Amino acid sequence: MEVNEKLIQEVTAAVVAIMAIQNGSKTICPDIAAISAMSSSSGCSNSYGVFKDVDSAVEAANSAYHQLAMCSLERRGEMIEAIRNKFHANVSCLAKMELEETGFGRLEHKMKKFYVTLEKTPGIEDVMPQVFSGDQGLSIVEYRSFGIAACITPSTAPAATVAHNAICMIAAGNTAVISPHPGAKNTTIKAVQLVNEAICEIGGVPNIITVFEDTTIENAQRLMNHPKINMNVATGGPAVVKAALSCGKKAIGAGAGNPPCLVDETADIIKAAQDIINGNSNENGINCVGEKSVLAMESIADALIQEMCKKGAYLIKGSQIDDLVKVITLPNGKPNVKYVGKNANIILKAIGINVDDSYRSIIFEAPADHPVVMEEFLMPVLPIVRIKDFDSGANLAMKIEGGRRHTAVIHSKNIDHMTRYAKMLSTTILVKNGSSYNGAGIDGEGHTTMTIAGPTGDGLTTPRTFTRPMRCALIGNVGLRSAL
């Protein structure tokens with residue numbers, strides 16, 4: 001590996017942040033702490049995009065939209081680069097702040113998510129015009145802005161989603177008002193402040209991204225229905241996506257998933273075991289792309305379970321399974337939020353099993369209709385279902401995925417199996433022989449996103465997702481290929 005200055009800075013930041021958590025210190029981000037002080041020469045208000053109520057945030061974003069419309073693509077690119085640099089300098093602080101506020105996930109995973117978001121979210125290159133020239137004339141397609149977007153952000157990725165939204169919206173020429181999840185309000189607001197600080201430092205347009213402090217469900221609804229909002233972008237559970245779709249506006253929704261992982265008899269069992277544990281335990285299971293159940297062919301199930309235990313899984317059996325279900329499930333059958341995103345050893349301690357933090361996932365065998373199989377539990381908990389053949393496994397995977405069109409995983413060397421599985425489930429992300437997060441661009445090819453818009457069919461969002469393609473056609477002989 002090449003050792004460069006950027007790598008040294010990132011490793012140093014990670015070590016400092018981890019030591020701070022171990023020492024029990026509170027998060028203090030120098031850049032964030034200084035946000036209230038702003039020179040008048042920059043043209044930015046000292047709110048840095050933060051407003052008390054919905055109307056004020058929308059009005060500020062509306063004013064910014066008209067200013068942004070006068071900016072060239074190159075200028076938008078400069079603002080995006082400033083945001084990337086600002087967040088890079090504050091990754092460890094934001095990750096620690098997020099962990100302290102939400103209690104979800106692991107610091108090292110959050111930091112990696114930030115870096116991937118900053119480096120692999122496309123910018124203005126995604127909205128460059130397309131040109132078609134031929135004997136009939138010339139057509140040009142430009143990607144025009146929608147206007148002001150209402151962005152509902154989740155507690156599972158409050159700051160990374162703001163960064164992703166900001167990069168995409170600015171590249172697309174939109175402004176946005178962020179509606180934070182109440183459980184991650186402070187982290188989300190700090191992320192918005194960082195966006196605005198970065199833009200203002202280079203003399204850019206203030207309040208391109210705004211946020212309001214009074215975070216309630218009623219205010220989120222008010223924002224999405226506001227007459228000056230042109231587009232709703234919802235990243236969260238089914239209820240918020242349904243609300244976004246019911247407003248009669250352009251809506252892009254990223255809903256819940258329940259990704260099944262099928263392992264057939266041809267799979268590389270050792271690699272599959274490692275990939276599955278990596279995917280399920282990433283951020284302690286809060287990522288919607290993460291493996292939530294394993295469907296293992298009977299002939300390889302024992303070997304797979306044995307290898308998973310070697311890769312950081314803790315296997316529970318018998319009455320321990322019942323104890324686990326009682327702890328992580330509410331009387332109504334829904335997941336107990338007390339254990340969402342918690343380390344595996346914390347969940348195990350709740351059922352009387354004391355182990356260290358080297359265990360990353362809790363695995364157990366379960367019938368196909370087990371509640372933890374059929375419901376998405378955002379925890380490092382992984383039920384394993386034995387299947388007799390590929391067809392029954394693929395049909396069960398369809399039932400588990402539930403038509404959410406989100407993510408599915410398969411480990412196989414059988415091309416026919418992989419192809420049929422992909423066609424049957426028809427998910428937005430299909431990962432073959434890897435960890436679930438590889439399909440979102442993390443340690444995999446392609447861009448990343450914080451908004452996997454399966455419910456609205458938009459896929460892994462990019463700046464182009466938030467634009468209106470407009471074609472202008474000039475008819476006649478304007479090409480240079482024809483003879484005089």
Side-chain angles (χ1 to χ4, degrees), residues 14 17-18 21-22 95-96 98-99 102-113 116 156-157 257-261 263 267-296 301 303-317 320-321 323-325 327-328 335-336 338-366 372-373 376-384 407 409 411 431 433-440 442-444:
I18 292 169
I21 281 186
Q22 292 173 342
K96 185 168 182 280
E98 181 179 315
L99 184 57
T102 68
F104 298 159
R106 292 177 176 272
L107 183 68
E108 62 270 27
H109 294 163
K110 292 183 184 299
M111 293 181 68
K112 184 170 186 177
K113 178 169 62 180
V116 171
T156 51
N258 192 31
C261 174
V263 185
D268 181 334
I269 301 302
I270 295 176
K271 183 179 186 302
Q274 185 67 76
D275 288 339
I276 292 167
I277 296 304
N278 286 349
N280 171 259
S281 66
N282 186 262
E283 278 275 62
N284 286 338
I286 63 173
N287 293 327
C288 52
V289 299
E291 292 89 339
K292 299 300 190 293
S293 61
V294 175
L295 314 181
L304 179 65
I305 291 170
Q306 184 178 7
E307 287 298 329
M308 292 171 76
C309 290
K310 293 178 183 178
K311 306 303 182 184
Y314 189 96
L315 176 65
I316 59 173
K317 300 178 180 180
Q320 293 175 331
I321 299 173
D323 293 341
L324 175 72
V325 173
V327 164
I328 66 173
N336 185 347
K338 179 180 178 180
Y339 295 100
V340 168
K342 294 297 187 289
N343 293 4
N345 65 319
I346 293 176
I347 299 174
L348 287 169
K349 185 176 181 180
I351 61 172
I353 300 173
N354 294 305
V355 296
D356 60 35
D357 192 34
S358 62
Y359 293 98
R360 292 304 174 105
S361 292
I362 304 167
I363 63 173
F364 60 94
E365 292 196 50
V372 184
V373 173
E376 183 183 43
F377 280 67
L378 300 176
M379 307 171 191
V381 172
L382 195 59
I384 301 169
T407 300
V409 182
H411 289 270
V431 178
N433 299 320
S435 289
S436 54
Y437 53 69
N438 297 154
I442 303 174
D443 295 334

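For clarity, every value in this text was computed on a predicted model and none was experimentally measured.
Of all heavy-atom pairs between Lys110 and Ile286, the closest is NZ-CD1, 4.3 Å. Of all non-hydrogen atoms in Val381 and Ile328, the two that sit nearest each other are CG1-CD1, 4.3 Å. Shortest non-hydrogen contact noted between Ala296 and Leu304 is CB-CD2, 3.9 Å. When all heavy atoms of Gly279 and Ser436 are compared, the pair lying nearest together is CA-OG, 3.7 Å. The two atoms that bring Cys309 and Ile363 nearest to each other are SG-CD1, 4.1 Å, heavy atoms only.
We find the CD1-CD1 distance between Ile276 and Ile384 to be 8.0 Å, quoted to the nearest 0.5 Å. Distance check, rounded to the nearest 0.5 Å: CG of Asn282 to CD of Glu291 gives 9.5 Å. Phe364 CZ to Leu324 CG: the interatomic distance, rounded to the nearest 0.5 Å, is 5.5 Å. Distance check: Asn343 CG to Arg106 CZ gives 4.0 Å after rounding to the nearest 0.5 Å. Interatomic distance, CD of Glu98 versus OG1 of Thr156, reported as 8.0 Å (0.5 Å rounding).
Here Ser361 pairs with Asn280 under the side chain to side chain donor-acceptor pair (under 3.5 Å) rule; sequence neighbours left out. Among residues two or more places apart in sequence or in another chain, the side chain to side chain donor-acceptor pair (under 3.5 Å) test is passed with Lys349 by none. Remark: Gln274 engages Asn278 in a side chain to side chain donor-acceptor pair (under 3.5 Å) (not counting sequence neighbours). For the side chain to side chain contact (heavy atoms under 4.5 Å, CB included) test, residues two or more places apart in sequence or in another chain that qualify with Gln320 are Ile316, Ile353. Remark: Asn354 engages no residue in a side chain to side chain donor-acceptor pair (under 3.5 Å) (not counting sequence neighbours). Residues that satisfy the ring pair (Phe, Tyr, Trp, His ring centres under 6.0 Å) test with Tyr339, not counting sequence neighbours, are absent from this structure.
With Glu283 as the fixed residue, the side chain to side chain donor-acceptor pair (under 3.5 Å) test singles out one of Lys112, Lys113, His109: Lys113.
Using modelled atom types, one side-chain atom of Asn258 and one backbone atom of Val373 make a donor-acceptor pair closer than 3.5 Å. Without hydrogens or angle criteria, Asp357 side chain to Asn345 main chain gives no donor-acceptor distance under 3.5 Å. Checked by atom type and distance alone, the side chain of Asn287 never pairs as donor or acceptor with a backbone atom of Val289 at under 3.5 Å. Checking side-chain atoms of Asn438 against main-chain N and O of Ile442 turns up a donor-acceptor pair under 3.5 Å. Between the side chain of Lys271 and the backbone N or O of Asn433 there is at least one donor-acceptor pair closer than 3.5 Å.
Between Phe104 and Leu378, every side-chain heavy-atom pair lies at or beyond the 4.5 Å cut-off. Using a 4.5 Å heavy-atom threshold, the side chains of Ile269 and Val263 count as touching. Side-chain contact check for Lys292 versus Leu382: every heavy-atom pair is 4.5 Å or farther apart. Cys261 has its side chain within reach of His411: a pair of non-hydrogen atoms, C-beta onward, lies under 4.5 Å apart.
Around atom CD1 of Ile346, more than 12 heavy atoms belonging to other residues, nucleotides or ligands sit under 6.0 Å away.
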